[in-house]
Amino acid sequence: MNDKKHQKPHLPVRLNILFFLVFLLFSALILRLGVVQIVQGEEYQEELERTVNISQPVDAPRGLMYDRYGNLLVDNDLNLTVTYTNRNTPQDEMIEVASRLNQFITLEYEGDLEGRFIRDRREYWALLNEEEFLDLLTVEEANEKGLSDSEAHVERLEQISEEDLGQLSQEEIEVFFIWREFNSGYNNLPHKVKQGIEYEEAAQIMEHMEDLPGVDIIRDSARKYVYGDTLRSLFGGVGAIPRDNLADFLSRGYERNEEVGRSYLEAQYEQVLRGKKGQIDNFMDQSGNLLRNPEQKEGSRGNDLVLTIDMELQQRVHEVIEDELSSTSSRFIEEEDAFVVLKDPNNGDIFAMAGYNSDLGTFTQAYEVGSAMKGATVLAGFDTGVMSPGQGVYDRPYSLPGSPDIRSVRPLGYVDDLSALERSSNIYMVEVAMRLVGYTYGISGSNWGDVTPGLNTLRSYYRQFGLGVETGIDLPNEMEGIEGRLLSGEVGPYLFLSFGQFDTYTTLQLAQYASTIANDGYRIAPRLVREIRDPNENKEELGALSQQFEPKILNYLDVDENYMKRVQQGFHRVVNGSQGTARSYFQDIDYEVAGKTGTAQVSVNGTDANNQTFAGYAPYDNPEVAVAVVVPGTEREDSAGVANRIAEGALEAYFELKEKRDGPALPDDGAEVDELENELSD
Amino acid sequence: MQERKSPFQQLDYTLLFFLFVLMCISLLAIYSAATADQYNVGPGHFIQRQLLWFAIGTVLMMGAMVIDYDFFKNLSIPFYILGMILLLLVHFFGIEINGAQRWIGIDGLFRFQPSEFVKIFVIISLAHLIYQITRTPREKSFTTDCIVVGKILAVGLPPFGLILIQPDLGTALVIGAIIFIAILMAGVTFRMIGLIMSLALGFITLLVWLHNNYFAFFSNYLIAPHQLSRIYAWLDPNANIGAEGYQLYHALQGIGAGQLYGSGFGAGVKSQSGAIPELHTDFIFTVIAEEFGFVGATVLIVVYFLLLYRMVIIAFTCNNSFGTYLVAGVIGLLVFQIFQNIGMTIGLVPITGLALPFVSYGGSALITNMLAVGIVLNVNIRTRHYMFGEEE
């Protein structure tokens, strides 16, 4: 052996370096271990000892809604619901579970699938036909094209034809809908797959729970509408949190999978109606072992709303509208429609708000209301000083530069403020408008100048009555109406504004206007909710009062007391005067009505039409109900008086019910559900 | 060749004693790990198998001592060729498990992982190579250094590459460590070593730069998603719970909670919770550190250190430079695995799938490491023989 001479002098040095390296690395290990175990050890120990509380929220039912007389309107029905919790479950397992679940429940889908859920159905097809799917674009082809995995996936999906999708059997399509629901929840949160399943179905699923990982049956509640469709749309809808508002709701302590009010009253009073969730606390150590029995804190129903609505009156008003529209005399250019609002002029309570097609139209649809709003113009004339009570104008057709001719129904001759309202003089109103901009009829040399200041003045008065502004009702999506746009140099529209044929207003605004006149100038926000009540075990009785709403005065028309009196007197004469435009209505009643009729000449799709309106209140001396009626788009012939008749019918219903007040029978409380509940908890 | 002492008398019993201590620690740790929530076959199952592996490993270790290691020189080229053929077989016909193609064999009957044995082959081949390089004196210059490094890389890189693309980053890095040790031992100038290390550092910097500026390219061509998330997890274990950080987060919590003296055998809250995947294999150190604390973990590390120290001594005293190179290679093999494995469980380095030598449950890694120890013992017993005739 000749090893000795090959021993290079560098070797011991290198070995020392190697050994030093080993030493360094091991020192690093021990140092780091010291940091983790000794320096930070205590922190880790504390973290480890902390018990984990995994709490499951338990749904609590939403608050109920009652009418002003304590009749239950919106109730809760207990439901059995299938949920699925996606725990990052692989898709093939999910399909497996979906197809097993499909043996017990079916998600109905009405109609043709073609063109619907294309992306989802393709994903589903791809999962069922993995090999064929990959053949649509091989990995090599994808690499050549330089596509990433996800791009290649999308490319393949797009190649799946409608024919391929057509291969799916009926059963596979049923499974598809369940699978689709499985995928639409949030991870690790139960997502409702089907609500309101039968008890037998629930029992079967429960028996097979072991084969259905992620599936669960829970009890939850769904809204039940005691009066069917009456006011149904106004109550609003309940559903999943809109994804756009998710962050907002989460910040207020909602769960992702919670149901919230999505529209109208349900949305407006979400905070009140929302149930106080119960909670099951599972205290566990770090290994996930339960330390003690789960603690259950019962949730409680949300607070109840007592509405201002008189449900019986609401139904009666609907009948009045239906009777009137189905009678021969009223015909419409297009779809027939009519709106009524009955409210308390003194505090804003809405007794009834009804639309022939939709109750929502009373505050979401605006129309030109015609002469019904002339009271506001008269008052504007007084308060600006261009007219004074008792002062008259000579009503005859006006031929004006820059405007179509203006006339009343017929030349009325001399009219003062009272008779101008009684007989509905357009000329009186136009005089107000003309004087506001310093124009005098018939005097040569007088010219218009800019009418915008006049326009703004009139509108500012109208708004103080609620015309053209938000009324302040406790509902979302209220419409303000549309302000007409005055082209420069145009005068006609400004003049037409003075008798209600330029800007548009909602029926609710018209009712607020009538109320403001009735109560001597207080504009009060209309309201649908009077009180908030604590939930009561017995649904037939109201719970303890939690909050009562005070009337909300939005503004006060600070005008000479006499001015408002004159407008009220004018309104009185419309109904009771010898020449009043509504004198032939409201006969044989033992209460005095004051109001104003209106006929706005409009055009519906190029056809001449009238909007028939009425705004008024009763009794004249001591108003307790204000009424507004809008019947839009009637034919010019034969439609006169339709709004007056509806107003008459509505007021009659009000006073009749007032006389003999007894509420509708209380609804059945659904004993079945209680039984079911007991069975489930057994 | 005359022998004055029987091979048994010449065995390095100190080294064997440390190995025995490691085996005991291994069985203790595996027993404890196997009682954790995620296993339901019971500790007996794992202990029996591990004992079997130890037995097989011991036999193979003895086997590795039978032939004089000097004869390995003749075997280095056939071994190398065999290794490459096996790796190519894996590449083209291998069995794929969990997205990595590392095994060959008949599915269901038997399979083995050639990359394990390739580690040994590479150690032998590189030892032989640098033995030949250093046998003839050379003028130390940058050029000759480059030639030396080039030769080493020419031998080391093909298996490195083939293992890397399986993909098996952990084993590839082990090969990388062996190559680095070979370069260090080959006697190239420190300037050269400095240059190589700067190049490596530069490469890592380039990767980081690509990650920050050309993420799409980086993530599509340079790194697998799971590797990237392992790095993220390493950088911030708390923020990545749920992904790769899960394992590390729980491991760190367990180790930290072990504090100075540990929670006691079988009483590691975290280890027993079932929250740490691969507890009995790659994350076995967690059990030791949580249940026996800083003291116990340090004892383990010191035993490793003493084992390696014995090997360094053997390398020092060996009068055949080929033997020294062999032992150095084995040191590189073990040090890297120990450092990488413990380092990853305590958040020092990112997670890669490497077993803790002699302690983790599992046969193939254990057998390889015991074979490697066999080579070291082989060098040792042949060395002693000549020591008597020498005056140091």
Side-chain angles (χ1 to χ4, degrees), chain A residues 1-52 87-88 142-143 146-151 187-188 284-289, chain B residues 1 37 70 131 134-135 137 181 184-187 190 216 220 242 250 252-260 262 269-270 272-275 289 293-294 297-298 301-302 304-305 308-309 312 315-316 318-325 327-328 331-332 335-336 338-339 342-343 346-348 386 390:
Chain A
M1 286 280 171
N2 50 359
D3 291 313
K4 181 72 178 159
K5 66 181 176 221
H6 295 307
Q7 189 86 27
K8 294 287 177 277
H10 75 261
L11 256 184
V13 180
R14 294 299 157 108
L15 275 173
N16 273 322
I17 293 171
L18 179 61
F19 184 61
F20 184 62
L21 249 170
V22 173
F23 177 77
L24 272 187
L25 291 177
F26 276 55
S27 305
L29 286 181
I30 291 185
L31 209 67
R32 170 71 186 161
L33 201 59
V35 170
V36 172
Q37 294 197 291
I38 296 171
V39 180
Q40 302 170 344
E42 228 159 296
E43 276 170 52
Y44 281 116
Q45 180 68 34
E46 278 170 21
E47 206 174 318
L48 199 58
E49 279 172 357
R50 216 174 297 144
T51 52
V52 186
R87 300 194 171 88
N88 275 322
N143 285 342
L147 297 175
S148 72
D149 283 358
S150 58
E151 284 166 345
N187 270 0
N188 297 317
M284 295 191 244
D285 62 16
Q286 288 282 326
S287 333
N289 304 314
Chain B
M1 219 188 273
D37 278 3
D70 212 43
Y131 171 76
T134 52
R135 196 162 55 166
I181 298 292
L184 178 71
M185 299 309 292
F190 288 110
N220 284 334
H250 288 291
L252 265 178
Q253 213 176 48
I255 293 171
Q259 293 185 306
L260 194 55
V269 174
K270 202 78 214 188
Q272 302 296 328
S273 71
F294 180 72
T298 307
I301 293 173
V302 168
Y304 274 127
F305 184 73
L308 289 163
Y309 173 72
V312 172
F316 260 118
C318 171
N319 40 21
N320 180 340
S321 61
F322 177 59
T324 306
Y325 298 140
V327 178
I331 292 172
V335 167
F336 184 81
I338 295 164
F339 179 74
I342 297 181
I346 56 179
L348 203 55
Y386 295 103
E390 282 179 11

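Values below: all heavy atoms of this structure, side chains included; hydrogens, waters and symmetry mates excluded. Order of the sequence lines sets the chain letters (A, B, ...), proteins ahead of strands, with each chain counted from 1.
Ranking B/Leu348, B/Val335, B/Leu260 against chain A, the residue ahead of the rest is B/Leu348, based on heavy-atom pairs under 4.5 Å. Comparing B/Ile338, B/Leu308, B/Ile331, B/Ile255 by how many heavy-atom pairs each has under 4.5 Å with chain A, the most go to B/Ile255. Among A/Val39, A/Val35, A/Asp149, A/Asn16, the residue making the largest number of heavy-atom pairs under 4.5 Å with chain B is A/Asn16.
Atoms CG and CZ, on A/Leu18 and B/Phe316 in that order, are 9.0 Å from each other to the nearest 0.5 Å. Here the straight-line distance linking atom CD1 of A/Ile30 with atom CD1 of B/Ile342 works out to 9.0 Å at 0.5 Å rounding. One finds the CD atom of A/Gln40 at 11.5 Å from the CD atom of B/Gln259 (value rounded to the nearest 0.5 Å).
When all heavy atoms of B/Ile346 and A/Val36 are compared, the closest pair comes out as O-CG2, 4.1 Å. Of all non-hydrogen atoms in B/Gly343 and A/Leu29, the two that sit nearest each other are N-CD2, 3.7 Å. A/Tyr44 and B/Ala257 make their closest contact through CB-N, 3.6 Å (heavy atoms, listed as atom of the first residue, atom of the second, distance). Scanning all heavy atoms of the two residues, the minimum distance from A/Phe19 to B/Val312 falls at CD1-CG2, 3.6 Å.
Atom CD of A/Glu42 has 12 or fewer heavy atoms from other residues, nucleotides or ligands within 6.0 Å.
Relative ring orientation between A/Phe26 and B/Tyr304 is described as perpendicular, the plane-to-plane angle rising above 60° on a 0-90° scale split at 30° and 60°.
For A/Leu25, the parts sitting under 4.5 Å from any heavy atom of chain B are the backbone and the side chain alike.
Without hydrogens or angle criteria, A/Arg14 side chain to B/Leu184 main chain gives a donor-acceptor distance under 3.5 Å.
Every residue meeting the side chain to side chain contact (heavy atoms under 4.5 Å, CB included) condition with B/Ala297, not counting sequence neighbours, appears here in chain and number order: A/Leu33, A/Gln37, B/Phe285, B/Ala289.
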